[in-house]
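Quick notes on the structure that follows.
We count ligands from 1, going down the list as the structure has it; atoms in each ligand are counted the same way.
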Amino acid sequence: MSFVIGMRCRACGTICAPGPVHVCTECLGPLEVHYDYAARTRAVRREDIAAGPATMWRYQALLPLLPGAPVVDLGTGFTPLLRADNLGRALGLRHVYIKNDAVNPTYSFKDRVVGTAVSAALQFGLDVLACASTGNLAASVAAHAARAGMRSYVFIPADLEPAKVVGTAVYGTNLVPVRGSYDDVNRLCSEVADTFGWGFVNINLRPFYAEGSKTLAYETAEQLGWRAPDHVVVPIAGGSVLTKIAKGFRELRDLGWIPAGATRVSGAQASGCAPVSSAFARGADHVTPVRPHTIAKSLAIGNPADGDFALRTIRESGGAAEMATDEEIVEGMRLLAATEGILTETAGGVTVACARKLARAGRIDPDETVVLYITGNGLKTLDAVAGALPPVAAIEPRLEAFAQALAGAVA
Ligand SMILES: *Cc1c(COP(=O)(O)O)cnc(C)c1O
Ligand SMILES: [Zn+2]
């Protein structure tokens with residue numbers, strides 16, 4: 001089942017045929033995938049979704065798959081939604097949930113967006129899959145290309161965390177470290193995409209890529225018993241996942257699958273790269289690019305492609321945008337691990353730290369049902385927390401030595 005009928009310009013509304021394009025030929029505005037919503041509402045039932053596989057592909061009918069497009073399935077999605085009462089107590093909130101997307105096949109939510117983009121690449125007959133990555137997209141593109149039997153090129157800033165470099169190269173991709181920031185890498189990739197005609201998941205395939213993030217909202221609503229949370233906190237890099245989570249809940253309301261109502265959407269950024277959160281604080285309508293300097297490298301996009309849209313989504317929903325310092329990010333990572341047993345990467349630390357600040361400021365109501373989106377796995381960024389943990393001394397393998405150490409620890 002495919003309900004894709006074209007691509008629609010988000011600025012001027014012009015509709016064009018589906019293709020590996022992301023800007024409107026009329027006004028250079030950003031394109032998004034356009035569906036036959038009426039036909040979709042008539043044809044798709046909630047019960048059919050619920051009877052589908054325990055992956056993001058249970059929502060296939062709501063995704064931008066073209067007719068006959070192959071699905072490259074790594075088993076992504078339908079990740080746990082966990083009630084987090086211990087964390088909730090620490091934050092002073094009564095109904096907190098964690099959407100744990102750290103457990104996807106390549107350990108971040110990026111498997112969702114690459115899943116929908118790789119399908120489009122194959123359907124358009126592109127034989128090379130590529131991306132500009134802040135780290136997590138790299139591994140996901142390399143893994144999906146491996147499974148699809150495609151060649152891949154992955155462009156990354158040369159100073160990326162070692163775990164992300166090794167965890168990408170292992171899939172047999174062509175790794176291209178670039179001396180520069182993510183924004184430099186992205187600029188280079190736009191030129192490469194134009195010159196070589198490759199499928200860059202987050203550039204010329206971006207409209208298809210972005211739609212994959214809606215599954216984070218679909219799953220959350222289904223796992224809450226087909227209702228949307230009152231409030232969500234979402235990390236922001238390019239701003240795409242935040243806007244698409246909001247869109248996902250809106251679509252479910254339009255389908256009549258969840259009760260009418262509204263979900264407040266709040267954004268989380270690192271203080272060292274907070275173009276959206278600082279525009280929010282200033283009351284500005286437009287995001288001003290910044291030069292990133294933060295341990296949250298996966299969120300280090302100084303010139304976010306969907307920054308203005310994210311800002312508008314946050315404001316219109318009644319949410320807020322917060323930012324966390326490097327120290328607060330590490331505290332956030334430790335807090336989530338120590339209260340709920342979930343090891344997240346720096347981006348998750350940003351989300352937890354910002355949720356704490358929003359709760360303290362009264363921006364999150366203690367009685368709201370709140371979902372925190374934990375988008376990446378902590379094994380990729382162990383160095384960020386290693387230095388913050390207390391040192392532990394080794395002991396001799398004797399009971400007496402252990403008893404002594406224990407007494408010392410208790411004292
Ligand atoms: C890419 C990424 C994000 C942000 O995604 P955008 O859609 O670019 O805002 C959040 N968390 C992690 C772990 C990521 O890798
Ligand atoms: Zn246009």
Side-chain angles (χ1 to χ4, degrees), residues 6-16 21-32 34 99-104 106-114 117 131-141 156 160-161 164 167-168 182-183 186 201-203 206-207 209-214 216 233-247 265 267-270 273-277 287 294 296-307 309-311 313-314 321 329 333 344-352 354 372-381 384:
M7 318 269 286
R8 186 174 180 280
C9 173
R10 277 149 93 187
C12 77
T14 297
I15 296 189
C16 61
V21 287
H22 67 302
V23 285
C24 173
T25 48
E26 301 295 317
C27 77
L28 300 182
L31 296 176
E32 76 178 343
H34 189 52
K99 180 63 171 163
N100 185 13
D101 241 29
V103 298
N104 272 313
T106 73
Y107 310 105
S108 87
F109 95 94
K110 290 295 198 301
D111 290 329
R112 299 176 184 273
V113 286
V114 176
C131 70
S133 175
T134 55
N136 288 315
L137 191 56
S140 189
V141 162
I156 52 170
L160 208 58
E161 297 99 335
K164 287 182 180 164
T168 298
Y182 170 82
D183 298 286
N186 192 49
V201 298
N202 54 339
I203 301 176
R206 191 171 179 86
Y209 157 101
E211 289 283 292
S213 287
K214 294 187 307 185
L216 274 169
V233 182
V234 186
I236 301 174
S240 173
V241 61
L242 181 141
T243 59
K244 293 296 177 172
I245 285 175
K247 186 181 183 199
V265 180
Q269 293 204 291
C273 181
V276 177
S277 297
V287 166
T294 167
K297 292 182 195 281
S298 57
L299 302 182
I301 298 184
N303 188 9
D306 291 291
F309 288 106
L311 188 58
T313 299
I314 291 165
I329 293 168
M333 293 169 74
T344 183
E345 68 147 271
T346 45
V350 170
T351 302
V352 172
C354 287
L372 311 187
Y373 284 93
I374 298 303
T375 47
N377 196 298
L379 289 176
K380 298 194 191 196
T381 62

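- Of the polar atoms of P235, none of the N or O atoms is found under 3.5 Å from an N or O of ligand 1, judged by distance alone.
- With respect to the salt-bridge test (charged N to carboxylate O, under 4.0 angstrom), the residues E345 and K164 qualify.
- Contact analysis puts F109 in contact with ligand 1, with a non-hydrogen atom separation below 4.0 angstrom.
- Look at K244 and D306 and you find no salt bridge, because none of the NZ, NE, NH1 or NH2 atoms lies under 4.0 Å from a carboxylate O.
- In terms of heavy atoms, V287 sits closest to P275 at CG1-CB, 3.5 Å.
- Considering backbone and side-chain N/O atoms, A237 comes within less than 3.5 Å of an N/O atom of ligand 1.
- Formation of a donor-acceptor pair under 3.5 Å by the D183 side chain with backbone atoms of N303 is found in this model.
- Of all the atoms in ligand 1, the ones that sit under 4.0 Å from a non-hydrogen atom of A347 are 11 (N), 13 (C).
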Trace of the side-chain contact (heavy atoms from CB on, under 4.5 Å) decision for I374 with D101 | CA-CA 6 Å; I374 298 303; D101 241 29; over 6 Å; no
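- Checking only distances, G239 does come within under 3.5 Å of ligand 1, N or O to N or O.
- Annotation: E345 places no N or O atom under 3.5 Å from an N or O atom of ligand 1; distance criterion only.
- Regarding atom 10 (C) of ligand 1, its nearest protein heavy-atom neighbour is L299 CD2, 3.4 Å.
- Using modelled atom types, one side-chain atom of T344 and one backbone atom of G376 make a donor-acceptor pair closer than 3.5 Å.
- Atom 8 (O) of ligand 1 has its closest protein heavy atom at G238 N, 2.8 Å.
- Distances below 4.0 Å separate heavy atoms of T375 from the following atoms of ligand 1: 10 (C), 11 (N), 12 (C), 13 (C).
- For ligand 1, the atoms closer than 4.0 angstrom to any heavy atom of S240 are 6 (P), 7 (O), 9 (O).
- Of all protein heavy atoms, the one closest to atom 1 (C) of ligand 1 is K110 NZ, 1.3 Å.
- Counting only non-hydrogen atoms, the option in I374, D306, V241, L242 that gets closest to atom 5 (O) of ligand 1 is V241.
- Between N136 and ligand 1, an N or O atom pair is found at a separation short of 3.5 Å.
- Closest approach of P207 and L31 over heavy atoms only: CG-O, 3.5 Å.
- By the 4.0 Å N-to-carboxylate-O rule, R206 lies too far from E32 to be salt-bridged with it.
- Geometrically, ligand 1 and S298 share no nitrogen or oxygen pair separated by less than 3.5 Å.
- When all heavy atoms of P235 and T375 are compared, the closest pair comes out as CG-OG1, 3.6 Å.
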